[in-house]
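Working notes, structure below.
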There are 2 protein chains.
Amino acid sequence: MARKTANRRVGITDVAQRAGVSLASVSRVMNGNFSVDADIAARVRSAAAELNYQPNAVGRSLALGKTDTIGVVVPDLANPTFQGMLRGVSRAAAQDGYRVLIADSSEVSSEESILAGEARRRCDGVVLCAPRMNEAELEALLPSLRPLVLVNRSTADTETPSLVVDYGQGVQDLAAHLVELGHTTLAFLEGPERSASNQARLQGLEKFRVDNPEIQLTVLSGGSSFEAGHGSVDNVLETGATGVLAFNDLVAMGLLSGLHERGIDVPGEISITGFDDIPFANYTTPPLTTAAVPINDIGEQAWHEMRRLLGDGGDEPSHTTFQPQLRRRGSTGPAAR
Amino acid sequence: MARKTANRRVGITDVAQRAGVSLASVSRVMNGNFSVDADIAARVRSAAAELNYQPNAVGRSLALGKTDTIGVVVPDLANPTFQGMLRGVSRAAAQDGYRVLIADSSEVSSEESILAGEARRRCDGVVLCAPRMNEAELEALLPSLRPLVLVNRSTADTETPSLVVDYGQGVQDLAAHLVELGHTTLAFLEGPERSASNQARLQGLEKFRVDNPEIQLTVLSGGSSFEAGHGSVDNVLETGATGVLAFNDLVAMGLLSGLHERGIDVPGEISITGFDDIPFANYTTPPLTTAAVPINDIGEQAWHEMRRLLGDGGDEPSHTTFQPQLRRRGSTGPAAR
DNA sequence: TTGAAAGCGCTAACAC
DNA sequence: GTGTTAGCGCTTTCAA
């Protein structure tokens with residue numbers, strides 16, 4: 001009823017007053033400090049309950065110098081990979097009583113440093129996921145972001161823990177799988193140029209070329225979305241490739257769909273591989289051969305690294321590399337010719 | 001309190017000292033207050049730059065009584081619907097300088113109230129998305145959560161803005177679409193029982209039954225995941241239904257995949273519909289007929305409601321209902337018999 | 001225009 | 001064991 005009058009939320013002072021004790025005692029009770037008389041504790045508790053007291057987290061944070069919150073910066077919340085990673089971090093952090101603040105840079109690399117800084121100011125640490133900013137900018141930013149954990153990106157600074165995926169090896173495994181099936185003409189639909197993981201794939205393919213000089217491999221510009229894959233059908237067909245390495249599962253699904261519309265059989269006429277093994281990859285028609293990245297685990301690990309940093313940070317910062325696992329499914333088959 | 005001079009972050013005091021001015025002046029400069037001498041402003045700015053000063057958001061929040069952060073509680077971060085909603089809120093809030101704290105209840109309804117309360121204590125408001133808790137619990141929680149916006153759930157309390165989807169109408173549209181195609185035996189694969197949106201669908205189907213007494217409709221227990229759909233193949237076949245209404249797109253995709261493995265043609269032998277129109281629905285084989293829910297818009301609207309609440313909250317709280325749009329795609333076709 | 005000082009809500013060191 | 005009190009970092013009256 002009285003909207004504007006009852007604006008003030010009840011604070012620790014009100015509880016103390018009502019219980020007839022000091023602020024300190026209320027604080028002690030609320031924090032489960034044992035050195036409080038059972039009688040006082042009971043009085044405080046009932047006073048708190050009657051007033052429906054909710055401790056103010058901001059005041060608490062200021063006094064304690066910590067927020068029990070970490071920030072996670074991702075390039076795109078619509079991307080299943082980052083969603084999985086976010087979920088992994090969030091669940092793992094929640095287990096330790098930490099919350100997650102998200103920041104979505106919408107693939108605008110100039111926003112990243114601002115968002116990361118903002119997040120850091122409100123949180124105890126930041127997880128920077130696949131930043132698109134260049135190396136110089138990243139290095140300049142590092143000090144002010146600590147404690148910082150880097151995912152899908154590494155840096156010269158060895159103090160910053162990083163979790164990366166060996167995309168180069170993964171794409172080589174996929175290419176090798178296609179070669180094994182008899183494919184000799186391949187195409188790679190590349191992803192966003194600024195993405196470090198795309199660079200890693202390209203390097204892997206360079207190595208693959210050296211190891212397999214007899215295989216013809218064309219690199220096509222693509223993207224990271226369904227639309228990119230769907231719109232690449234013509235380009236792919238032009239190369240005459242019978243095996244296509246899509247940047248990721250999304251692109252592969254888009255391509256699959258485009259080929260299906262054209263009446264081109266997969267894997268009968270063309271074999272397709274994805275990357276990431278997002279949950280959907282298992283449920284396409286045909287199911288997608290891909291390189292599985294344990295993205296939830298990576299998120300969980302990212303939290304563990306952060307937790308270490310937040311604690312005494314005894315050990316050395318770790319730099320973990322995850323190896324993608326080849327998943328042979330229906331979208332790849334023997335070469336027709 | 002012993003101050004650890006070593007790793008203390010630079011605060012406003014340091015800047016003031018370095019610039020030879022008072023705290024108040026630094027604060028004024030940092031907040032773009034115009035009533036400051038240009039000379040002082042310059043001194044402050046350079047001092048801040050030299051010290052690489054980053055204002056502490058917690059201190060600021062405490063003084064201002066606001067955090068510029070809102071909490072979003074979802075039942076499952078792995079669910080594309082909630083991901084889309086989260087993304088919508090996040091992007092819209094970011095436009096207004098607000099951040100989002102996420103809380104994932106992992107479908108544990110008993111966790112929801114705790115998470116929501118926690119979020120509220122750290123934030124200026126909470127968006128509660130598809131809460132699984134019962135009505136009594138929800139109503140009891142409302143007061144302590146305000147400002148609160150409810151998504152995919154309504155309540156008797158009219159003060160709380162809510163954004164809901166007319167799932168009942170959506171599922172009727174889908175059923176009608178199947179009937180139009182000549183299907184007379186239908187099955188509904190229902191979702192989580194505690195989900196309000198599942199109840200809404202069931203009610204819609206009740207109405208459908210009344211309007212279409214000649215149609216046979218079986219309700220099967222299912223779930224909300226691929227696996228639920230994939231595992232329901234036998235049950236679906238047993239009903240003899242030629243048209244299947246899956247709880248959502250995920251379930252539909254699982255079912256699609258399961259039927260494909262059995263060599264059953266969709267839509268030749270069985271027609272399937274999803275719900276939500278997640279991005280993937282357009283790229284399955286065949287593409288999924290579904291009822292499109294503008295989930296990103298809903299997230300955006302949720303933020304707008306919240307913004308209104310955070311402001312003076314002049315207008316009446318709004319209770320918006322979104323109508324799903326039927327998307328006819330390849331997974332439905334004429335009945336075979 | 002500027003500075004001194006009083007909080008914002010809570011914790012913890014220090015006395016009693 | 002319990003209360004008093006000094007901060008945590010910042011904003012904002014209120015005087016000067």
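Order of the sequence lines sets the chain letters (A, B, ...), proteins ahead of strands, with each chain counted from 1.
- Checked against salt bridge (charged side-chain N to carboxylate O under 4.0 Å, His left out), A:Arg60 has no partners two or more places apart in sequence or in another chain.
- Scanning for side-chain contact (heavy atoms from CB on, under 4.5 Å) contacts around A:Thr320 gives A:Leu163, A:Ser318, A:Phe322, with sequence neighbours left out.
- Partner of B:Thr160 under the side chain to side chain contact (heavy atoms under 4.5 Å, CB included) criterion, out of B:Leu128, B:Leu150, B:Leu145, B:Leu138: B:Leu150 alone.
- Residues from residues 36-51 of chain B that place a heavy atom under 4.0 Å from any atom of DNA chain D: there are none.
- Pairs passing the salt bridge (Lys or Arg N to Asp or Glu O under 4.0 Å) check and including a residue from residues 43-54 of chain A, sequence neighbours excluded, read A:Arg18-A:Glu50, A:Asp39-A:Arg43.
- Atom-to-atom, CE of B:Met30 to P of D:dG9 comes out at 15 Å; the value is rounded to the nearest Å.
- Residues meeting the side chain to side chain donor-acceptor pair (under 3.5 Å) test with A:Glu111, sequence neighbours left out: none.
- Side-chain nitrogen and oxygen atoms of B:Arg60 include none within less than 4.0 Å of the OP1 or OP2 phosphate oxygen of D:dG9.
- In this structure, A:Asn33 atom CG and C:dA13 atom C1' are separated by 13 Å, rounded to whole Å.
- By the side-chain contact (heavy atoms from CB on, under 4.5 Å) test, B:Ser25 is found to be paired with B:Val21, B:Ser22, B:Arg28, B:Ile40, residues two or more places apart in sequence or in another chain being considered.
- Applying the ring-ring contact (aromatic ring centres under 6.0 Å, His included) definition to pairs two or more places apart or across chains, none involves residues 109-136 of chain A.
- Taking atom CD of A:Gln54 as the reference point, atom C1' of C:dC8 lies 18 Å away to the nearest angstrom.
- Of the candidates C:dG3, C:dC8, C:dT1, C:dC8 carries the atom nearest the B:Leu62 side chain, counting heavy atoms from C-beta on.
- The stretch residues 115-163 of chain B participates, sequence neighbours left out, in no ring-ring contact (aromatic ring centres under 6.0 Å, His included) pair at all.
- The ring-ring contact (aromatic ring centres under 6.0 Å, His included) contacts involving residues 76-114 of chain B comprise B:Tyr98-B:Trp303, where partners must be two or more places apart or lie in separate chains.
- Atoms CZ (B:Arg122) and C1' (C:dC8) sit 18 Å apart, rounded to a whole Å.
- Heavy atoms of A:Val21 sit under 4.0 angstrom from primed sugar atoms or phosphate atoms, though from no base atom.
- Straight-line distance from the CG atom of B:Asp68 to the P atom of C:dC8: 20 Å, rounded to whole Å.
- Axis angle across the helix from C:dT1-D:dA16 to C:dC16-D:dG1, with five pairs used at each end and values rounded to 10°: 40°.
- B:Thr155 and B:Asp157 share no side-chain donor-acceptor pair at under 3.5 Å.
- Comparing B:Val58 and A:Ser35, the nucleotide of DNA chain D nearest to each residue sits closer to the 5' end for A:Ser35.
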Produce the list of close N/O pairs, under 3.5 Å, pairing protein atoms with atoms of nucleotides 12-16 of chain D; give distances to one decimal.
none

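- Remark: C1' of D:dG3 and CD of A:Gln17 are 15 Å apart, rounded to the nearest angstrom.
- The ring-ring contact (aromatic ring centres under 6.0 Å, His included) analysis of residues 117-163 of chain A, with sequence neighbours excluded, yields no pairs.
- Rounded to a whole Å, the CD1 atom of A:Ile12 is 11 Å from the P atom of C:dA12.
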